[in-house]
Amino acid sequence: RSTHSGCDFATGQIPIEKIVLRVSGRVAEDGFVLHLAEVSHVPSTGASDLGGFVMTVLPEGRPSTLRIPLKVVAVAAGSVTLRKIGDDRDVFTSVNRIRLRCLNCPNS
């Protein structure tokens, strides 16, 4: 019997421990636009994302686009909340906090 995030499951479930993402993006007038795609996850077989990150951020394995507002010069930060209702009416929600800092900008 496995317990994860306060939920009891009748059968043991193996959670994904780490998700490796490919991140690309561009600078926009009001911040950054990031594109995320899954490269791999650990463990690579037999594991499930029990926290909802994959279901909300990478639905059906497609890349996602996140918009991060620019707060001050050389720093962009924000939270992106994503929600999806699954086929069996389960609700998946993830709050993704992102902070970007320019390493080569003055005053960063």
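Remember, predicted model here, so these are calculated numbers, not experimental data.
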> NZ of Lys18 to OG of Ser44: how many Å apart, nearest 0.5 Å?
Replying inline: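 If I round to the nearest 0.5 Å, the distance is 12.0 Å.
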> When hydrophobic residues are tied together by side-chain contacts of less than 4.5 Å, even through go-betweens, does Leu36 share a cluster with Val95?
Replying inline: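 Leu36 does not cluster with Val95.
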> Mind checking whether Leu66 and Val23 sit in one hydrophobic cluster, side chains of I, L, V, M, F, W, Y counted as touching below 4.5 Å?
Replying inline: yes
> Has the side chain of Asp49 got a donor or acceptor atom that lies under 3.5 Å from a matching backbone atom of Ile16?
Replying inline: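 Between the backbone of Ile16 and the side chain of Asp49 there is no qualifying donor-acceptor contact (under 3.5 Å).
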Are side-chain heavy atoms of [X] and [Y] found at a separation under 4.5 Å?
X     : Y     : value
Leu21 : Leu58 : yes
Ile14 : Ser48 : no
Val91 : Arg83 : yes

> Which atom names give the shortest non-hydrogen contact between Pro43 and Pro15, and what distance separates them?
Replying inline: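 Looking at all heavy atoms of both residues, the shortest contact is CD-O, 3.7 Å.
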> Can you tell me if His35 and Ser24 form a side-chain donor-acceptor pair at under 3.5 Å?
Replying inline: no
>> For a side-chain contact (heavy atoms from CB on, under 4.5 Å) check, start with the C-alpha distance between Thr65 and Leu34, then their side-chain angles and the critical distance, and finish with the verdict.
In response: CA-CA 6 Å; Thr65 299; Leu34 300 179; over 6 Å; no
>> Assess the residue pair Ile19 and Glu38 against the criterion (side-chain contact (heavy atoms from CB on, under 4.5 Å)); give the C-alpha distance rounded to whole Å, side-chain angles, the decisive distance to 0.1 Å, and a yes or no.
In response: CA-CA 7 Å; Ile19 299 172; Glu38 182 179 349; 4.0 Å; yes
